[in-house]
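See below for the structure under consideration.
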Amino acid sequence: MSKVKFTTHHGMVDILPDEVKKWQFLERLIHGEAEKFNFEEIRTPIMEQTELIIRGLGQLTDIVSKEIFSFSRGDDNYVLRPELTAPVVRAYVENHLDQRGGSQKLYYIGPMFRAERPQKGRQRQFHQFGVEVIGSSDAVADAEVIAFMVNIYDKIGITNTTLKLNSIGDPESRKAYVEALKNHLKPNFDKLSDISQKRFENNPLRILDSKEEEDQPFIESAPVITDYLNDESVAHYIKVKQYLKDLGISYEEDPYLVRGMDYYTQTAFELISPDLGAQDALAGGGRYDLLVEEIGGQPTPAVGFAAGMERLLIACEELGIPLGDEKTVDAYIVTLGEEARSWGLSKLPELRKAGVSATMDYMGRSMKAQMKDANRENALYTIIVGGNELQEGKFTLRNMKESDEGSYTFKEILEKLVSS
Ligand code: AMP
C-alpha cells in the first residue's frame, strides 16, 4: 500500500519553531508599543457571517468577488475573515463598546484568509496586525494611527520606507471625482485593459490602482482627486498633514492612491518598502467614517490600518535585521543512572520556580550523548549528576561557554544560576 502524504493547502504555511521565535519577538514588540500608545487588544472569531464581509468591504471589491473562503452549514453562512476592520466594527456595535466612553483605541494581531494567487509576500493564510480607532473624527486620530504604524517599523530598524498619503474625500467629493475620472477615461475605453474595462462602471477608482501597462498613460494623465475635494474634506486633509508634521513624520502625497475596500473615506495611506519587490506594501489604511453605520451601528467616524506580518518578516530578512535570540536553555541536567534521573527530574520544578529555564534528557541517552544534546540545545550550564555526586550531595556545574566547572551543593547551584 502506498503511503499517504499530507501537505498544507496552497498558499498556507507552517510556522516552525525557529521561525516562531521571530514572530514572538515581533509580537512582543507590537504589544509593547501598543501599550505605550494606550491601545487595547481585541480578539474576534476567525469566522464571520459572509454578509458582514460583503456589506463591509463592498460586493465589487476584489476580496469579496474573488478571494473569500466561504461555506454554509445549515442556514448559516461562514466566511474565513479576509481582514479585521469589518469584524472589529461588528464587535464594537454588537458589544456596545461606545458605552465604554470616549473613542475606542483597539489593536489586533492574527491570521486572515484570502484566496489569492500565492507568491512571495502573498499567501492565502497570512497574518496582520493593525489598529482601529473608532469614535473620533479628529485628524489627531488619523495622525496617531499613522504614527503607531510608522513607529513599529522604525523600532524594528526598517527605516527605508515611504509613507504615501492621499485624501479620497467624502462621498460627495468622490462622486464629483468619479464623474471626472470616467469622462477622462471614456474616450479611450477600448484601449483600457480588460480588468479596467470591467471596473469602469462599478469601481472606476480602482482603475487608478491598475498595474497593467496599457492603462498607465491614461492613469498618468487622469484628473487628481485632491482637485475635487469639498471644503470639509480639504480642511480635514490639511489637518492630517499638519499633525503628521507635528509628530515628525514625513510623507509623500500620492493623489492616485486608492485602497481596496469600499469603506474608506477621507484619509488613505500606505507604507511602502523598496526591499519587498513586487508586493511592496508593508501596511495600509485610512478613515472609514461610514462603515459603522453601514453594518448597523450609529453613525460613528473611525480610522485604522492593517499591516502584513509576513511582509514585515521578509523586510527584516532582506535587511539582515536579527529578530530575537537564538534558541537557548539556562540549565540542562545531565544524569548517569536511574537514581540520578529521578533526582534530576525532582530538581526541574525547583529550577523553573526560581525562574531558571531547565530541561534534561527525554531519551535515556548516554552521558556523552546528553552532553552533545546540551550543546545542541545551546544550554548555558549543565548540571552533571552520577552516583558519587548523589552520595556527596555535591554536583558538577559546568559553564558550557567558558568550559569551566566546579562542584557545588544544589542550593549553591540554584543561587549561581539565579544570579547569572
Ligand atoms: P489590506 O488589508 O489589503 O489593506 O492589506 C494590508 C496589508 O496586509 C498589506 O499591505 C500587506 O502587507 C498585507 N497583506 C494583504 N494581503 C496579503 C496576502 N495575501 N499575503 C500576505 N500579506 C498580505
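Each ligand, and each atom within it, is numbered from 1 in the order the structure gives.
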- Query: Is ligand 1 less than 4.0 angstrom away from at least one heavy atom of Arg122?
  - Reply: yes
- Of all the heavy atoms in Arg259, does at least one lie under 4.0 Å from an atom in ligand 1? yes
- Considering only heavy atoms, which of Leu282, Leu57, Leu312, Thr61 lies nearest to atom 12 (O) of ligand 1? Leu282
Would you check the N or O atoms of [X], main chain and side chain alike, for any that come under 3.5 Å of an N or O of ligand 1?
| X | answer |
| --- | --- |
| Ala307 | no |
| Gly308 | yes |
| Glu83 | no |
| Glu310 | no |

- Residues in salt bridge (charged side-chain N to carboxylate O under 4.0 Å, His left out) contact with Glu270, at least two apart in sequence or another chain: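 Here the qualifying residues are Arg259.
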- Does Lys241 make a cation-pi contact with Tyr237, if we ask for NZ or CZ under 6.0 Å from the ring centre and within 45° of the axis?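 Because its charged atom sits under 6.0 Å from the ring centre and within 45° of the axis, Lys241 does stack over Tyr237.
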- Message: Does Lys347 qualify as a cation-pi partner of Phe410, given the criterion of NZ or CZ under 6.0 Å from the six-membered ring centre and within 45 degrees of its axis?
- Response: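 Lys347 over Phe410 ring: yes.
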- Are the side chains of Ile134 and Leu97 in touch, meaning some heavy atoms are under 4.5 Å apart? no
Short list, please: which atoms of ligand 1 are under 4.0 Å from a heavy atom of [X]?
| X | answer |
| --- | --- |
| Gly121 | 20 (N), 21 (C), 22 (N) |
| Ala283 | 10 (O) |
| Arg114 | 1 (P), 2 (O), 3 (O), 15 (C), 16 (N) |
| Glu116 | 16 (N), 17 (C), 18 (C), 19 (N) |

Distance-only donor-acceptor check, side chains [X] and [Y], under 3.5 Å:
| X | Y | value |
| --- | --- | --- |
| Gln119 | Gln279 | yes |
| Tyr243 | Asp142 | no |
| Asn151 | Glu33 | yes |

Pair up each side-chain donor or acceptor in residues 169-182 with any protein partner under 3.5 Å, not counting sequence neighbours, and list the distances.
unit_1	atom_1	unit_2	atom_2	d
Asp170	OD1	Glu172	N	3.4
Asp170	OD1	Ser173	N	2.9
Asp170	OD1	Ser173	OG	2.7
Asp170	OD1	Asn230	ND2	3.2
Asp170	OD2	Asn230	ND2	2.9
Glu172	OE2	Asn230	ND2	3.0
Ser173	OG	Asn230	N	3.0
Ser173	OG	Asn230	OD1	3.3
Ser173	OG	Ser233	OG	3.4
Arg174	NH1	Ile168	O	3.1
Arg174	NH1	Gly169	O	3.0
Tyr177	OH	Pro223	O	2.8
Lys182	NZ	Glu201	OE1	3.2

- Would you mind telling me if ligand 1 is within reach of the side chain of Gln128, the backbone, both or neither, using heavy atoms under 4.0 Å? side chain
